[in-house]
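For clarity, every value in this text was computed on a predicted model and none was experimentally measured. Below, each value reflects all heavy atoms present in this structure, side chains not excepted, and no hydrogens, waters or symmetry copies. In what follows, chains are A, B, ... by sequence order, proteins preceding strands, each numbered from 1.
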Protein chains: 2
Amino acid sequence: MGTHERKEREKEQRREDILDAAQRVFFERGLAVATMDDIAETAELSKGTLYLYYKSKEDLYLTVMMRGMQLLYDVFSEVANGAYSPAKMLSRLSEVYLNYFNNHRDYFRMMHYLQAPQFHKQISEEVKQSCSVLNQRIWDLVNGMLQQCIDGGLLRKDLNPAEVGLILWSSATALMLRIDNEEGIWREAFQLNLHDVLKLSNSLLFDAICTEKGRLELKALSNS
Amino acid sequence: MGTHERKEREKEQRREDILDAAQRVFFERGLAVATMDDIAETAELSKGTLYLYYKSKEDLYLTVMMRGMQLLYDVFSEVANGAYSPAKMLSRLSEVYLNYFNNHRDYFRMMHYLQAPQFHKQISEEVKQSCSVLNQRIWDLVNGMLQQCIDGGLLRKDLNPAEVGLILWSSATALMLRIDNEEGIWREAFQLNLHDVLKLSNSLLFDAICTEKGRLELKALSNS
DNA sequence: CGTAATTAATGACCATCAGTCATTTATTTC
DNA sequence: GAAATAAATGACTGATGGTCATTAATTACG
């Protein structure tokens, strides 16, 4: 009798249903404003039931967020497996990250609204672990690509791919966060178009990390 | 009779005392974990009294934070008024910001733990206004210095000082935030020393925004 | 079947905490 | 020194994350 297996599937399905509900609520309201009662109501379950499947609100939040991380992993994977030249790979990488920001803003937001150590208290070890594994996989992927760019002569050989990756990602992300929640302020107070600033920031950094030859390759690409 | 004036002074003093208490508590626990009862106890007052002087917990938080902003304004001011050469000015600017990060970590943290729009709900218009005025003054100061760097031939003439300022500040700050709460993770998972990454990031960006002549000047400085 | 045992779901309840307000205490005025 | 004013208090409210004894549904099995 496959009763046990069916029940396992049903349980897994319920876990997913709850996650879907949580996603809707977190997307709409954010971690701090979303309440477990909102999520329970959206999932058409009682609050107590949520806690049978997830240990805390933060666990639920991170589990939704991991969907976004997986999505990012997938788009980066496509670039990594796209048999591109180093120059094309680097430009695609920056392109797909910008697309990710534009088209999956909700996930992007979730991934960066977690700095504060206060929110880490309620996270279970399992979820923290899964999160960090997924994170590591993404970085390994990116570092691999950057290593290829270095080996291919696009990027300066004296640079460490992990350092370059962190610098590129960190500066792009910082500006994206401003775009996400301060775009109006910067436009009004300083007449700055943050999207342009992001482009400039990227091109300055690319300029600085490329070899002479690499710069020409990238320029050729952006002109085509 | 100066009774009225004395009472005004006393009131102002109490406001400061409450702010001192709030600062101690926020430094120690952060916005989310600090409670108004903690602050009240530290100030040796009842919670109700706090609300006679500040409209909300968030207002109190921002008012403490503004002390930090003023401090930053002051150190930037010193650089602006230091009669430095453009190259020296730029390197001092980046130096004092790093010092600020290292020596006033608590204020630094406070200034960057406010992204989430959820926390902005309870902020009064007055405080928001003061904050934004102070912010504007800091940026005007920095933009003025960067304009001098451009005029002095250190930085490329085709760049907009506001854009350059935002890029430099934003990338440095993003890495400082990592240093502040993820230093161990990056060291262990990727063998990265984030302080070195910050230095590299800065030097890459400086390289990219300087004129040929500017690069030499900066290099001469860092060798001396 | 039908009954016992197991599993799943519930929602009343608890603790915490920002913010309020009727009451109390202190100060000033005259 | 009594009345008026100002300052301070802390019990209370409402919101919310999380718990758990109870109830409902499902399964196992004689």
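- One finds a salt bridge joining A:R67 and A:E16 here, because a Lys/Arg side-chain nitrogen approaches an Asp/Glu carboxylate oxygen to under 4.0 Å.
- At whole-Å resolution of the value, CD in A:E8 and C1' in D:dT27 are 15 Å apart.
- Here A:Y53 reaches the OP1 or OP2 of C:dA9: one of its side-chain N or O atoms lies under 4.0 Å away.
- Whole-Å rounding puts the A:L45 CG to D:dA25 P distance at 14 Å.
- Ring geometry, A:F27 versus A:Y107: the interplanar angle exceeds 60°, so the pair is classed perpendicular (tilted spans 30 to 60°).
- The separation between B:R14 atom CZ and D:dA7 atom P is 11 Å, rounded to whole Å.
- One interatomic measurement links the two molecules: CG of B:D17 to P of D:dA8, which rounds to 11 Å at whole-angstrom precision.
- In this structure, CD1 of B:I39 is placed 8 Å from P of C:dA18, rounded to the nearest angstrom.
- The closest side-chain donor-acceptor pair between B:Y97 and B:T173 falls under 3.5 angstrom.
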Atom pairs, N/O to N/O, protein against nucleotides 23-26 of chain C, distance under 3.5 Å?
none

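- Computed from coordinates, the A:L52 CG to D:dA25 P distance equals 16 Å when rounded to whole Å.
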Under the criterion side chain to side chain donor-acceptor pair (under 3.5 Å), I'd like the reasoning laid out for B:Y84 against B:S91: C-alpha separation, chi angles, the key distance, then a yes or no.
CA-CA 10 Å; B:Y84 294 121; B:S91 90; over 6 Å; no

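- By the 4.0 Å N-to-carboxylate-O rule, A:R9 lies too far from A:E12 to be salt-bridged with it.
- Checked against B:Y54 for a side-chain contact (heavy atoms from CB on, under 4.5 Å), the options B:V127, B:I39, B:L60, B:L62 give a single hit: B:L60.
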Going 5' to 3' through nucleotides 10-22 of chain D, assign each nucleotide B (protein heavy atom under 4.0 Å from a base atom), S (under 4.0 Å only from sugar-phosphate atoms) or - (no protein heavy atom that close).
B-----SBBB---

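- When the C1' atom of C:dG11 is taken as reference, atom CD of A:E44 falls 17 Å away, rounded to whole Å.
- Taking 4.0 Å as the cut-off between side-chain N and carboxylate O, B:D140 and B:R137 do not count as a salt-bridged pair.
- Salt-bridge formation is detected for the pair A:R109/A:D106: a Lys NZ or Arg NE/NH1/NH2 atom is positioned less than 4.0 Å from an Asp or Glu carboxylate oxygen.
- Distance CG (B:D38) to P (C:dC17): 7 Å, rounded to an integer number of Å.
- Taking the ring axis of A:F26 as reference, the NZ or CZ atom of A:R24 does not stay both within 45° of it and closer than 6.0 Å to the ring centre.
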